[in-house]
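Residue numbering restarts at 1 for every chain, and letters A, B, ... go by the order of the sequence lines.
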There are 4 protein chains.
Amino acid sequence: MTPKQVDKEARRRQIFQAAMELYSQKGVARTTIQEIAEQAGIGKGTVYEYFDRKEDILAYMFDSIQEESEAIIAEQLTPSMNAEKKLVAYITGIMSFFDRYPADITEILLVFWAEGILNSPRNPADASTQSFDLRSMYEEYNQIVAQILDEGKQDGLFRQSLDSEAIAPAIIGALDGLMLQWVLLKDQIDFHDGVNNLLTVVLDGIREHEGND
Amino acid sequence: MTPKQVDKEARRRQIFQAAMELYSQKGVARTTIQEIAEQAGIGKGTVYEYFDRKEDILAYMFDSIQEESEAIIAEQLTPSMNAEKKLVAYITGIMSFFDRYPADITEILLVFWAEGILNSPRNPADASTQSFDLRSMYEEYNQIVAQILDEGKQDGLFRQSLDSEAIAPAIIGALDGLMLQWVLLKDQIDFHDGVNNLLTVVLDGIREHEGND
Amino acid sequence: MTPKQVDKEARRRQIFQAAMELYSQKGVARTTIQEIAEQAGIGKGTVYEYFDRKEDILAYMFDSIQEESEAIIAEQLTPSMNAEKKLVAYITGIMSFFDRYPADITEILLVFWAEGILNSPRNPADASTQSFDLRSMYEEYNQIVAQILDEGKQDGLFRQSLDSEAIAPAIIGALDGLMLQWVLLKDQIDFHDGVNNLLTVVLDGIREHEGND
Amino acid sequence: MTPKQVDKEARRRQIFQAAMELYSQKGVARTTIQEIAEQAGIGKGTVYEYFDRKEDILAYMFDSIQEESEAIIAEQLTPSMNAEKKLVAYITGIMSFFDRYPADITEILLVFWAEGILNSPRNPADASTQSFDLRSMYEEYNQIVAQILDEGKQDGLFRQSLDSEAIAPAIIGALDGLMLQWVLLKDQIDFHDGVNNLLTVVLDGIREHEGND
DNA sequence: CATGAATGAGGTTTCATTCAT
DNA sequence: AATGAATGAAACCTCATTCAT
C-alpha cells in the first residue's frame, strides 16, 4: 500500500551536505544543481523534490548553522556563572562550535558569511522577504554580549566606564574577523591561540583594577 | 604618458564607478554588463574596450581599494612615532579611509569582502592565477601590526608577554568585524565610537603597567 | 463483465471528472498529472493504472463527449418526423445535450474544441494514428444534416434551389459558433434564445414558400 | 559610430512569421523557441531580443490578426450602403481577409482560435491582465452586426420581429463555425460557396417580405 | 492495487562575449 | 573608438513516466 519509505529529513540533509561540499569549494553561484545532484548521487529532479528552488538550499544552510551554533553556545552558558566566566564561556562556545561541526565548517562559514553579506537586505524594508538575514543574527549576538558586560559592571567586575553597547559588537566582530583570517591563513594562524590571546587582552582591557579610570 | 592614455584611464574609472554603484546594490553575480553600460551611459560593447572580461572590473576594484587604502594608511604613519602612536595612527588611518573614500564605500567594502572570500584561492596552489587575493592582503596587514607590537615591546611600552603574531590578526580582525557590523547595523552602531572603544580596551589590555604580569 | 471491470470503469470516470475540472479551468497543457491525482483524491501512480498516458485522458474525453452527444441527439430524432421537425429536433438535441451534461459542460466543450483543433491531423494522412479527430466528427454531422435537408427538398418542404452539401456545414457551424460566443459571453448572450432565433431565420430562409425562387 | 542597422519591426515580423509557420503545424505548446529560431534562420538568443517571452509571440499574433482583419473589413464598408449591402460587405470583408492574408491563414486562424479559447479569461476579473482576449473581440463584432441589423429594421429592409442582439452572434458564429469546418474539411467544403449559401439563407430569413410575420 | 519517490529529457530564459558597421 | 545586434553555452526548473515497496 505504501510506497518506498524514505526519511525525508535525512534526504534533505544528504542533499544539503553535498551542496555544502561544493559551495565551500566553488561558491554558490558557480555550483549547479546538476553538480549537487551528482555529488549526492541522485538525479537532478530529485533535488527539486526536497528543495523547491536552489535558493532554498542556501536558506537551509543558514537555518542549520544558526540553530546549531546557538545550541552549542547556549550549552556553555550557565546562569550561575559570573560575568567574566560567562564571557569566556560564550567565546569558548563559539570555538567549540568550530571544533564540533562536521567537516569543513570553516569553508562553509565563509560561504555563510559571503552570501549572508550579499543577500543581506540593504534597506530594512526588504528584511521581511529575506529568509536569512545577518542583521538580526548580529543584533541577537550583540545583545547577549552587551548583557553580560552590563552584568559585569553591576557586579563590579568590569569597569564602570565601559560602553557595553559599543564594545559588544567590537568583541563579536573581533571573533568574526579572527575567524576569517584563520580560514584564509590556516597555515599561519592558530585560531585557539588567537582567541585566547584576544580574550586575555580584552579581559585585561575591560577588567576593573587599581590605577584604572 | 600620452593624453590618450589619460583618457583611457578616465573611462575605466567611469565604468568602474558605475559597476560599483550596481555591485553594492545587487551584488556582482546579479549585475549584468548591460546594466553597467547603461549606468555609465555608454554602449555595452564599449565596456569591453576597457575591460576584457567582467571579472576584470572586480579585479580593478580590488586593486583600486587596496592601493588607496594603503596610501591613506601609510600617510598617517610617521617613523618617528612611538609604537602606541603608530598603532593608533594605523587604526585611525583605516577609519580615515572610510571617511575619505568617495561615496558608498561601506556597501562596496561588503562586496569587496564577500567576493574576496568567494574568490580566495582555497588551496595556496591556485594563488598565482588569482588576480585578487585576500590572503596576501591580510598577510601584509598582519605583518605591519605585528612589527608595531614588537617595536612597542622592545621599547617597554607593551607587555613582554604579548604574542605579537597572535594578537596582530585579532586586532585587524576586530576592525574588520566591527566594520561588517557597522555596515549591516548602521542605524544601531557608530563606527567611530566602536573603534575608539575598541582602541581603549586593546591599549589598556596590551600596555605595560604596574600590577601586570 | 466481471464486477472488477465495473470498478475499473468507475475509477476511470473519477479520474476523468477530476481532469475535466482542471482542464476546463487551466487548459490541458497547464494541468499536470499530479494535480489531476490530487483533485481525484488518489495517488499520482494510480492515474497510470487507468490511463497509460496523459493523452489518453483527453482521448477519453473525446470519446465520452462524442458518444453521449450522439446518443442524446439520436434520442430526439424519430424516423416518422418530417424534415423540418427533424431539423428542429436535431438542433434541439444539441441544446438538450448542454442542459443535461453534468456540470461545466460549456467550459469542457471549449477544451474539447480547442484541443480538437490543435490535435486535428492537418493532412489526412495522419488521421489514422489520431485517436480523436474533429474531422470525422464533422463529416458525420454534416452528412446527417444534409440528409435531412435533402429529405425536405424531396418532400417539397424546402426550396429546390437549396445546396444541401453547402448549407449543412453552415448550419452545424452556426451552432458551434453560437456556442463559442455563449461560453465566452455568458453574461450577454442567452444560448436558447440565440438558437431559437437562428432556427427561425434559417427555417424561414430555407422553407419553400410562394414568391421564392 | 552606429552599429549594424536593423529594422527592428521587420525582424519581429520575420520571427513572427517563422513562429506562425510552426504554430500552425504543431501547435503553440509543442513548438520550441529553438525551432522558431531555426525556422527564422537566427540564433535562439536573438528571438529573445525581439520578444521578451514566448507568450509575447502569441500576443503579437493576436494583435496582428485583429488589426489586419479589422482594417480589411472596415475597408469594405461604406456609410452610404444600405443595411443589406453592409451586411454582405461585412461578411465579404471577412472572406476577403482570408484571401488576402499571407500564407496559411487558415491554419493560423485555428491556432488563433484554439489558443484564444484556452487563454480567454474565464471570469471577467482576469480580463485586464490578459493581452489577448476573444471576449472583447466578439463583443465588438456583435455590436457592429447588431447595428447593421437595427439599421435594416429601421429602413424597413429587415423584419421588425428580428431580435438583433440575439441574431448578431448567430451570424458571426455561423461564419466562425463555417470557417472551422472549412479548415478541417478543405477537401470537401468550399468556403466561398458555403458563405454565399449562408448569406442567401440568412438574407431570405431576415428580409422583410409579404407573407411574413 | 496503490503509491509517491526518483528520474532525466526537454523547455525557457539569461547573459557574457563577439564582431560587423 | 563606439556601438548594439547576434549568439549559444549554460543554468534553472518542470513534469510525464517508471518502478520498488
Given that both distances must come in under 3.5 Å, which nucleotide forms a Watson-Crick or G-U wobble pair with E:dG10? F:dC13
Can B:Glu38 and B:Gln34 be counted as having a side-chain donor-acceptor contact under 3.5 angstrom? yes
Once rounded to the nearest 0.5 Å, what's the spacing between atom OH of B:Tyr60 and atom CD of B:Glu67? 8.5 Å
Per the under-4.0 Å heavy-atom filter, residues of residues 31-43 of chain D near DNA chain E come out as D:Thr31, D:Thr32, D:Ile33
Hunt down the Watson-Crick or G-U wobble partner of F:dT18, both distances under 3.5 Å, from any strand shown, or write none. E:dA5
For a quick test of reading the model: is some side-chain N or O of D:Thr46 closer than 4.0 Å to OP1 or OP2 of F:dA5? no
Identify whether the distance between the nearest side-chain nitrogen and carboxylate oxygen of D:Glu49 and D:Arg11 falls below 4.0 Å. no
Atom-pair distance (CZ on A:Arg53; P on E:dT13), nearest Å: 14 Å
Tell me the interatomic distance from A:Lys44, atom NZ, to E:dG11, atom P, rounded to whole angstroms. 12 Å
Enter the distance from D:Ile36:CD1 to D:Gln17:CD here, rounded to the nearest 0.5 Å. 12.5 Å
Rounded to whole angstrom units, what separation is found between the NZ atom of D:Lys8 and the C1' atom of F:dA6? 11 Å
Of A:Lys54 and C:Ala29, whose nearest nucleotide on DNA chain F comes first from the 5' end? A:Lys54
Pick the nucleotide of DNA chain F nearest each of A:Tyr48 and C:Gly45; which residue has the one closer to the 5' end? A:Tyr48
So is A:Arg12 actually on top of A:Phe51's ring, under 6.0 Å and inside 45° of the axis? yes
In whole angstrom, give the distance that lies between atom CZ of A:Phe51 and atom P of E:dA5. 15 Å
Give the rounded distance in Å between these two atoms: CZ of A:Arg11 and P of E:dA5. 11 Å
Spacing between A:Ile57 atom CD1 and F:dC12 atom P, to the nearest angstrom: 9 Å
Whole-Å distance, A:Glu49 CD to F:dC19 C1', equals 14 Å
Verify side-chain contact (heavy atoms from CB on, under 4.5 Å) between C:Ile57 and C:Val28, making sure each step is shown before the conclusion. CA-CA 10 Å; C:Ile57 302 178; C:Val28 175; over 6 Å; no
Rounded distance (Å) that lies between atom P of E:dC1 and atom OH of C:Tyr50: 7 Å
Show, in sequence, the C-alpha distance, side-chain angles and deciding distance for C:Tyr50 and C:Thr46, and conclude whether the side-chain contact (heavy atoms from CB on, under 4.5 Å) test is met. CA-CA 7 Å; C:Tyr50 297 92; C:Thr46 310; 3.8 Å; yes
